[in-house]
Amino acid sequence: MSRLYRQTSATFLRFLTLLLLCLILMVLDQKQIIVPRVKSVLQTMVTPFEYAVVAPSRAVAFVRDYLTIQQQLVTAEHSWQEQRLLLKAQVQQVNALKIQNQQLQTLLDSPVVTREDKFLLANIVQLKSDALSHEVLLNIGVHSGVMVGQAVVAAEGIAGQIVVVNSLNTRAMLVSDSRSAVPVINERTQENFIVVGTGLADSLALMNVSSSADLKVGDRLISSGMGGHFPAGFPVGTVAMIDTKVKTFAQITVRPAVNLAKLQLVVIPFEASAI
Amino acid sequence: MNSYGYLTLFGSMLLAVLLMIMPLSSGLATVWPLWIVVVLGYWLYALPHRVSLGSAVFFGLLLDVFNNTLLGQHALALVTVAYIMEKMHHQMRLFFWWQQSLFMMFLTAIYVFILYIVQSFLFEIHLSWHYWLPIFTTGLVWPLVFGVLRHYRQKFRMI
């Protein structure tokens, strides 16, 4: 009887010790003492597992690519060429506008100089996002010069921001992460809002919007650049659903501009001043 | 227990962690079970003298590294669940399979609740209700995990 009792109390003590260990680790990690560096090393060490886990879906994609018939490829190629031509024409227009803007600014004696922004290309290794952390791996490391806090942009708009830079890979938190918040502006009304993640890859939400706010389904939300974290002018999402019945604050669902579950290639804009 | 047994023990839990980070379509991802809870739960049920609370901490920390959460966050949740499981494994053997499933739902609920509490303590989070869905699916896959792991336990004569 007494032996049994001693056993239970030993288990309880072991449990308490481990609990304390976890708590100490968490506090040290939160306070940025040693633990984050250890975690960064561990994250580099487990990279093979991450590549192993994405291998099946990569294989499926490879087979699908392999089985694509020539006709489809030719059609796709044509549409890409058309798009490329259109974009090139638009870039010419933008370049002309840049020069014009520069001239106007010199006329005004403004200290603002037009900068040439740099872009860095990165491939994505997409893992299943934990409900508490929607993050993706980027195949660039610390040598590429990326820094924590930089925005990650896909072809359709803002995808997220860099949160960890390891020696071999980088982690970006997506806008769908429940910790994420992006300051935006409504393209139609020029009103400011904050788009937050909900932990779901295909729906974001607007914070603290009163039920009487001028918002319509289909309104495009563009990053406002407020707070300085995200560059201004990139699409973040469109208003998909407005529910005003529930509370004083309307519940607004926003569809992200980027297909966050199928990210493959992203760019990281470097502001010229940052380099 | 021979080396195959230890390999199965360690391998199944590692596999559970890897299943949890496997890329999935967004629909499937919201209902994807928390495999580590049931797999660890099974070993604590079947071989409580072989699996310690330390392994719960180990695989919890692994999840923290993969998910880039605070080191110790998943470990804290998992070790709490493991402790309850260790305390309850005698009673659990008397349960019907559906009662065991319900018990697993209860454990998973504790697991996700601890994660939620810690996360909301640290950040301002805005989680959708879908966050709580895996509680049910994790309970539902218990009979499946039970059957598969028992097969290997008997095959390798793990005692």
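The chains referred to below are lettered A, B, ... by the order of the sequence lines, with proteins before strands, and numbering in each begins at 1. Here the structure is a predicted model, which is why all the values come from computation and not from measurement.
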Under 4.5 Å from a heavy atom of chain B, the part of A:L19 involved:
both

Tell me, do B:V65 and B:L71 make a side-chain contact under 4.5 Å, heavy atoms counted?
yes

Side chains of B:R50 and B:Y6 only: does a donor on one sit below 3.5 Å from an acceptor on the other?
yes

Report the option among A:L21, A:L28, A:V196 that has the most heavy-atom pairs separated by less than 4.5 Å from atoms of chain B.
A:V196

What about B:Y45 and B:F95, are their ring centers closer than 6.0 Å?
no

Sort out for me which of B:L24, B:D64, B:V79, B:L62 touches chain A most, counting heavy-atom pairs under 4.5 Å.
B:V79

If I measure from the heavy atoms of chain A, does B:Q73 come under 4.5 Å with its side chain, its backbone, both, or neither?
both

Within the 4.5 Å heavy-atom criterion, are A:T47 and A:Y51 side-chain neighbours or not?
yes

Contact origin within B:H130 toward chain A - heavy atom pairs under 4.5 Å:
side chain

Of the listed A:V53, A:V54, A:L260, A:V46, the one with the largest count of heavy-atom pairs under 4.5 Å with chain B is A:V53

Contact part of B:L14 toward chain A, heavy-atom cut-off under 4.5 Å: side chain, backbone, both or neither?
side chain

Got a salt bridge between A:R255 and A:D202, using NZ or NE/NH1/NH2 to carboxylate O under 4.0 Å?
no

Heavy-atom proximity to chain A below 4.5 Å, by part of B:V57:
side chain

Quick check: do A:L215 and A:N186 have side-chain heavy atoms less than 4.5 Å from each other?
yes

Of the backbone (N, CA, C, O) and the side chain (C-beta and beyond), which part of B:L63 lies under 4.5 Å from a heavy atom of chain A, both, or neither?
neither

Taking the side chain from A:N123 and the backbone from A:L265, do they hold a donor-acceptor pair closer than 3.5 Å?
no

Which one, B:T30, B:L19, B:T80, leads in non-hydrogen pairs under 4.5 Å with chain A?
B:T80

Using heavy-atom distances under 4.5 Å, tell me whether A:S180 contacts chain B through its side chain, its backbone, both, or neither.
backbone

Under the 3.5 angstrom rule, does the side chain of B:H126 hit a backbone N or O of A:T198 as a donor-acceptor pair?
no

Chain A contact via B:L34 - which portion, at a heavy-atom distance below 4.5 Å
neither

Chain B contact via A:V163 - side chain, backbone, both or neither, heavy atoms under 4.5 Å
side chain

Looking at B:F66, B:F123, B:Y116, which makes the most heavy-atom pairs under 4.5 Å with chain A?
B:F66

Any side-chain donor-acceptor pair under 3.5 Å between A:N166 and A:S40?
yes

Could you tell me if the side chain of A:N169 sits less than 4.5 Å from the side chain of A:V164, heavy atoms only?
no

Portion of B:V17 that has a non-hydrogen atom of chain A nearer than 4.5 angstrom
neither

Heavy-atom pairs under 4.5 Å with chain B: which of A:S57, A:G197, A:A261, A:A205 has the most?
A:G197

With only heavy atoms counted, which part of A:M173 is less than 4.5 Å from chain B, the side chain, the backbone, both or neither?
neither

Kindly say whether B:V31 contributes a backbone atom to a donor-acceptor pair with the side chain of B:T137 at under 3.5 angstrom?
yes

